[in-house]
Amino acid sequence: MTLSPSIFSTAPYVPPDAIFALTVEYNADPSPFKVNLGQGTYRDNCGLPWVLPSVKEARRILNEKGLVHEYLPILGLKGLREGAARLVFGEGYTAIAEKLATSQAISGTGSLHLAGSLIKYCTLREKGGAADADADAVAARKVYIPSPTWSNHHLLFSSLGFTVNQFNYYNSATRSLNIDAYLAALRSADHGSVVVLHACAHNPTGLDPNFEQWKKIGNIIKERRLFPIFDAAYLGFNSGDYDKDAWAIRYFVNELEVECGVCLSFAKNMGLYGERVGALIIATADPVLARNTQSVLESLQRSEISNPPAFGAKIAEAILSDDRLKDVWREDLKTMSGRIAEMRRALFDGLTRYASANNWDHLVRQSGMFGFLGLEGQVVRILKDEYHIYMAENSRISIAGLNAGNVDYVARSIGEVLARMLE
């Protein structure tokens, strides 16, 4: 009997995600000296996961009230959605509240995917929704992402059928933001194109535009009628000041009156990594557009996940809706960002001592969880194979993986390998 070919016969082998694969290697390494500088999760000064005091208190309150495990509404917890929007827009929230469409989402990844799905839906409506024109219509909508950027950006938008273009964000020669190339790419982008912006703590370089550069970026986006999507995974976590980290978003919406998407995650800034708590906020031009857009978000959410998970969302909602807990949380943000800044400086001092032939000033020009060392791939491989120091192939490191017990070892090891390369 001849068997029919498998429906999966065309499935290729897709290599595992590089960062997650690196973590698997790290976990399997028996060395007592191993250091994980790959995955971007916060660790305390003992190298252990840290549950924020504000989260502990919120969880205690929820337990006292009695946990129930009922479904949430399709759009998620209203208190979380409103609290997140108030947080993002600060004092300007009241003036624009009626123009906002919001939905809870599966952390930052889910927020970005929902935003992409919304744009795809509206793109097809523009083209009349003809089945034979669907793929071409979506592909014609270009999505611009910085190079380098978070590895998932390309996968997210290309999987939805968009044409993804990269623009030069980083100047490897000066190890700084390539603002001229950035602005030139925006000026040449087609009207109606989507631009993915890191609101702060650019991943992987740690380099962000300053306020004046953000103004130039915003003005070009408005002039060219581009649609910005802010990937806002690190608000508050970057500087310890949520208002400072949200400045660009507020400028675009409140000052320039630009429509945009804001993709929020509470993984980093509340330490709710596995709870997958996020929110998508769409700033529209008027209340009718906001109402219609929110109805589309609800329909898309229903078709994908039906309704979002509840427990982590209830923790985030509890913190955002209670002034006392919110104050505790703001102190937690200062604790995390402060320790990361301290470790960045310690690494800089160590590299300056052990690898003085190189200039490490770029490391302290960066900010946030990640540091972009600028090491060659061969150096990265030697550090992993011989020194048990794990980092991304492009030498992006999670500063949070450093602590008082390993930062000197990391700096000294890098210095030794660089010296060997000169022999």
Geometric cation-pi criterion K268 and Y273, 6.0 Å radius, 45° cone = no
Within 6.0 angstrom of F211 CZ, more than 12 heavy atoms from elsewhere | yes
Using the test side chain to side chain contact (heavy atoms under 4.5 Å, CB included), find all partners of K78 that sit at least two apart in sequence or belong to another chain.
-> R81, E82
From I397 CD1 over to I399 CD1, what is the distance, rounded to the nearest 0.5 angstrom?
-> 4.0 Å
Rounded distance (nearest 0.5 Å) linking atom CG of L52 with atom CH2 of W50 = 4.5 Å
What class does the angle between the rings of Y387 and Y409 fall in, given that below 30° is parallel, 30 to 60° is tilted and above 60° is perpendicular?
-> tilted
After noting the C-alpha distance and the side-chain angles of K34 and D29, does the key distance pass the salt bridge (Lys or Arg N to Asp or Glu O under 4.0 Å) rule?
-> CA-CA 7 Å; K34 64 182 181 179; D29 188 339; 5.9 Å; no
Would you list the atom pairs, donor with acceptor, under 3.5 Å between side chains in residues 368-384 and any protein atom, with sequence neighbours excluded?
residue, atom, partner, partner atom, Å
K384, NZ, E25, OE1, 3.1
K384, NZ, E25, OE2, 3.4

Charged N-O contact under 4.0 Å between E342 and R345 = no
Considering only distance and modelled atom types, tabulate donor-acceptor pairs under 3.5 Å from the side chains of residues 311-324, sequence neighbours left out.
residue, atom, partner, partner atom, Å
K314, NZ, V68, O, 3.4
E317, OE2, G79, N, 3.4
S321, OG, E317, O, 2.8
S321, OG, A318, O, 3.4
D322, OD1, R324, N, 2.9
D322, OD1, L325, N, 3.0
R324, NH2, E57, OE2, 3.3

Could you check whether the rings of F167 and Y169 sit parallel, tilted or perpendicular, using 30° and 60° as the cut-offs?
-> tilted
Listed partners of T174 passing side chain to side chain contact (heavy atoms under 4.5 Å, CB included), at least two apart | N171, S176
Please answer whether the main-chain N or O of Y242 pairs with a side-chain N or O of D245 as donor and acceptor at a distance below 3.5 Å.
-> no
Test item: R225 side-chain N/O and S193 main-chain N/O as donor-acceptor pair under 3.5 Å = no
Take R250 and D243 through the test salt bridge (Lys or Arg N to Asp or Glu O under 4.0 Å) and record every step on the way to the result.
-> CA-CA 9 Å; R250 295 176 185 181; D243 295 327; 2.9 Å; yes
How would you list, by chain and number, every residue that makes a salt bridge (charged side-chain N to carboxylate O under 4.0 Å, His left out) with R396, sequence neighbours excluded?
-> none
Decide ring-ring contact (aromatic ring centres under 6.0 Å, His included) for F252 and F230; before the verdict, give the C-alpha distance in whole Å, the side-chain angles of both, and the deciding distance to 0.1 Å.
-> CA-CA 10 Å; F252 276 48; F230 285 97; 5.0 Å; yes
Looking at I119, L124, L160, T163, which one forms a side chain to side chain contact (heavy atoms under 4.5 Å, CB included) with V138?
-> L124
Rounded to the nearest 0.5 Å, how far apart are CG of D208 and CD of Q213?
-> 10.0 Å
Of all residues at least two apart in sequence or in a different chain, which pass the side chain to side chain contact (heavy atoms under 4.5 Å, CB included) check with A411?
-> L347, L351, Y354
Return yes when atom CD of E64 has more than 12 non-hydrogen atoms of other residues, nucleotides or ligands closer than 6.0 Å, and no otherwise.
-> yes
Just by modelled atom types, is the Q166 backbone N or O under 3.5 Å from a matching donor or acceptor in the S147 side chain?
-> no
